[in-house]
Structures are given as structure tokens and as C-alpha cells.
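I have placed the structure first, in the form of C-alpha cells, so that the comments after it can refer back to it.
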Number of protein chains: 2
Amino acid sequence: MPAYVLGHKIPDSDSICSAISLAYLKNAIGEEAVPVRMGELNPETTFILDTFGLDTPELKTSFAGESVYIVDHSDRAQSPDDLSEATVLGIVDHHKLGDITTSAPLECWIRPVGCSNTIIKEMYDYYNVEVPKGIAGIMMSAILSDTVIFKSPTCTPVDVAAVETLAAIAGVEDYKAFGVEMFKVKSRVEGTPVRELVMRDFKDFEMSGKRVGIGQLETVDLSVFDSVKADLQTDIARLKQEGGRHSVCLLLTDIMQEGSELLVVGDDLSIVEGAFDTSIIDGKVWLDGVLSRKKQVVPPLEKAFA
Amino acid sequence: MPAYVLGHKIPDSDSICSAISLAYLKNAIGEEAVPVRMGELNPETTFILDTFGLDTPELKTSFAGESVYIVDHSDRAQSPDDLSEATVLGIVDHHKLGDITTSAPLECWIRPVGCSNTIIKEMYDYYNVEVPKGIAGIMMSAILSDTVIFKSPTCTPVDVAAVETLAAIAGVEDYKAFGVEMFKVKSRVEGTPVRELVMRDFKDFEMSGKRVGIGQLETVDLSVFDSVKADLQTDIARLKQEGGRHSVCLLLTDIMQEGSELLVVGDDLSIVEGAFDTSIIDGKVWLDGVLSRKKQVVPPLEKAFA
């Protein structure tokens, strides 16, 4: 019986690419493993898999009685609903330590780096397994995506070194130019339903008993959102109601300007204002220098909610 | 400000030795770190530190405002009471994943091997840091202790390989003979207060909302406990009352016979009987082949309590 390798709900590129790259590694060292996805691919991930000729993992959301490896998260809220009925063999992640617990020993490769695929590259080196060309391409892409082409404060020298090595294996000469292409696909707005935009990279967090949803859209030019901003604000208000959330934040991140416009609805906006030491006007505020949800948004919000 | 490296409450040899060996490694790679202990050393650990000429870490139990590395556990119940006010930089452990969470990314080196020091040996290799002679001796000792000289089902080939390498560095020719000496010290009974014996390697677990305490005493000859067994049974009954526990188990493990006599008191012994598919008579039962609390006692008990 194979082990399934799965990223978080509402998968981003790192979740999908690390499921594929870790499953390949496990098979290479003699453990049968199958990558799966917990939801639909976003346009960026589709672009990455198409570019490097890899198949979309199968959709699978129930894991009772199965063995699993978890990538790119360690929170129950982002994991399968029936995870407690599965056996967690391992976790590979680069976020804060979440509330998943296990009843047997396991392997955890968790590092404060910019991307799960950077850690998986370390695992290939550890096990002395060669990274195939296509897998190198998607691993490189995921690291460029998560680190916002090295501009995110979560980016470390280990991420940069991993991208350089992987780009050489994948035969990508100008990986920064490739990264900008990828981000143009990522922030494509025309023809996309508003809800799909909001949910494209959306995560729920439990903060001192309150549910806080935080979405993020990254772009190389913030003005692409001008025509849909009002609709985005209406939709996150709807999302707040539907999910019984205390607050919903949506970060519109401009990688070139290096900051984010925060759209927010909530039961008590003074908490959010306190977290960022700012004033929210008409449900929005520009946060200069804020690029990383994980490092610059979640920790101050958690502190403010505590 | 240095980071503190700390093992669990009621420290065993792995908790103390891995605090020392990890702190040394962190300093070697340029991070200031200080090993500490959360309680008194047991006779085995004292024997190990004396043999290899290393100092006893300082006692420290409060860590509010400090940065810490946690070794040999990932459970809040075994960690400092004010851990939520500290910054957890990393965890090195070989147990099931516990309920410690963090609000920032960290490093976790968690592996399903026999001892935390086996993982720390891997970390020395990763960072290309030479293990000094004395540190090699205590790391080897901790692995021999945790794996019951390789007889525990938690022992893996990685543990054996680590001991062989470390013994060579430490200049210990017959490490198995050294291990038997160490276990004789570990199971010394004469002159030891009963409560000290019970607490020598005692851990509390939360099982479906019930507190279950499980202690373990390992010996090379079970008959050493004959003269104190009745007193041990009286004392675990007292311990159950004092700590508001549902059950208290004490494993008297005979490494040569390869099994454990389980002494147990509890509000509902049928749960414990169900966990091990056995009958408890006069508060005790022989569990053949059971050597590991972590792998053979905690998981079936958790399942039975669920």
C-alpha cells in the first residue's frame, strides 16, 4: 500500500510541487509513494507543470486508514478532515509548528527557509538521489514562487543556492526572467471569477479561538486589481459571514513596489490596526515592505489576537 | 543573548546528553547556546558525565522571554510551564509529534530512530562539525541507554552505526560491556527512596482528556526489584491520587529476559487490559517482548483510551 504525499487545502505551487518532488524521492529510496492534491490547481501551478511536462496529481481528500506524508503545513485546519484516522509518517514544512499531533514516531524536516522544496532539495542531497530534469524545474519554480523571486523576507541563502542548482539541472538559463513570467500568470485577473481570485491562495488560522482567514494575491503590477478591488471587498465580507470568521484579510502584494495593500473585514478592526500600527480607511491600508503572510502578517495578528 | 537547550522535565540521560551535544554543535556553527536541565540527574546520567569528564548543566526551569531549543520531547506536559512565553527556535526529537506549537518558523529534526543523540550525530555530519571525544562518549552512552543496548524495538541501523562511530571517537573499545555497566548503575535499588525509583524515568501523557503517568525502570536482572515491589505498588497508588491521574503505570523492564512487568493502578483497569489484551492480577502483569514505553506502551494505551 503506497503512502500518499499531500499538501494543504487550496493548494499553491509549493504544495503541489513538493508533493511530486517528495513522492519521487521516496520511490527512489524504496518507499512506494503517490503525490495527490486536495483541491484544484491555480493558474500558476498549471503553468509550472505544463512548462516542465509533469502530470497533475490526482485529487484525493480522504485518507482514513492510509499512510501519509504531509508537505507545506502542519496545521489541522489545512490538513485532511479525517487526518486523525490516518498514519502520519512524516512532515516537510517551512512554516511555524502547527497543531498536528501523532500517536507514533515520525520524521519531520522543518526548517525556517523560504519554501518546502528547498528542504526537499536538502533531502535529495542527504539520500544522495539525483534530481531529474523536470522535477528540478518544478522545485525551482516553487521556490521562486514562495520567495517572490528572492524578495520575500522569508528567503534565505539556502533558497537561493537551491534555485541556482536546480535551474542548472532543469536547463533554465535566466531563472529570474522565468520567475517574472510565472508571476504574470499568477496575477492574471481577466475572466477569473472574484471568488476564485479570493480563494487562489487562502488559508484559515485559529487565533486565540477566533477564525481568521487570510488570502494573498501577488502581482508584478498592483494596478491589475483596480477594476476588481470593490468586488474583492464585497466578496471577503461575504466569505467572513459564510465561514463564521472573525476577520478576513486579503493581501494584494506588489512584488516590484515591495509592499501589500491589505483589504480587511472584521468584527473588530482595531485588532488589525493594532497589529500593524496603522489606520484602516474604507476597509483597506497600504503596508509598506510587507510581502510575506507567514512572516509579516500571521505573527503580528496572532500577537494582537492573544 | 544565548539560546538555552533543554530536555524534558525529570531528565533522563538522552535529555541531558542531547542538551550538551546540541549546545556544543550550535556554538561550533556560530550560535551561542547553553545546555540546561529541568530537574535532578539520575544515577545513570551522573555515571555517564563522570565517566567522560563533562559538567552537569545548570538547573533552569523558567524561560519567559528567552530563546530555546527543545530536545527529546515535543509535548507541552514535558516542557517548561512558561514555554508559551519563550521563542522556540528548534526541536530535536525521536518521539511522536506532541502538542507544542510556535508562532514563527523554526527547525525540527524529528526522526523515528532510537535516540535524540542519533539525530544530533546526523546534524554534526550535516554541518561538518567534528564530535569532540567527551561529547562522543556521552552521545554514545545516551543511544545505548535509549535503545537498551540495541534491544529495544525502537532501535534502527542508524542508531547502531552512530554508536559504532561515536565509540571509536570516544576510545571505548567494548561498548556493549560499557552498556551493561551503565545499566547496572541505572537499576541500582539499595538505599534509594521508593519515590525516587518511581520518578527516575516518569512521564505524564494526556490521553483523550485523561492524565496517565507512565514510569519505567530498566534492569539487567528483574529480581533486584523483589524486595521493593510492594512498596512501588503502594507508591504509584499514592502518585495517582496526588496528581489527579486516571492511571499510573510502572514498567519494570528486564533487558536480558526482553520483557516488562507492568505495575498499574487506575480508575478503570479494563482499559489497560484491553490495550495489552491481557489480565491484570494483583495490580501487575508480565508483558513479554515489551521493552519500549514509546513504541509498545504509549500507542496501545492511547488507542484504548480514545
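This structure is a prediction, so every number in the text was calculated from the model and none was measured. Just so it is clear: chains get the letters A, B, ... in the order the sequence lines come, proteins before strands, and each one is counted from 1.
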Handout entry: Part of B/Ile91 lying under 4.5 Å from any heavy atom of chain A
Key = side chain
Completion exercise
If you tally heavy-atom pairs under 4.5 Å between each of B/Glu122, B/Lys96, B/Lys295, B/Lys303 and chain A, the highest tally belongs to B/Lys96
Handout entry: Residue selection (most heavy-atom pairs with chain A, distance under 4.5 Å) from B/Thr102, B/Asp93, B/Ile100, B/Leu89
Key =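 Counting heavy-atom pairs under 4.5 Å, the top option is B/Thr102.
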Fill in the blank from the handout: Nearest heavy-atom contact between A/Pro299 and B/Ser103 is CG-O, 3.7 Å
Handout entry: Contact winner vs chain B - A/Ser74, A/Gly90, A/Ala104, heavy-atom pairs under 4.5 Å
Key = A/Ala104
How about [atom1] on [X], more than 12 heavy atoms from neighbouring residues, nucleotides or ligands closer than 6.0 Å, or not?
X	atom1	value
B/Asp81	CG	no
B/Lys210	NZ	no
B/Asp277	CG	no

Exercise for the section: Please check if the side chain of A/Thr101 supplies one atom and the backbone of B/Gly98 the other of a donor-acceptor pair under 3.5 Å. Expected result: no
Problem - Donor-acceptor under 3.5 Å (A/Arg111 side chain, B/Leu106 main chain) - result: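 No, A/Arg111 side chain to B/Leu106 backbone: no donor-acceptor pair under 3.5 Å.
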Practice task
Look up atom CH2 in B/Trp109 and atom CH2 in A/Trp109, then write down how far apart they are to the nearest 0.5 Å.
Solution key: 7.0 Å
Practice task
Please tell me if the side chains of A/Pro105 and B/Lys294 come closer than 4.5 Å, counting only heavy atoms from C-beta onward.
Solution key: yes
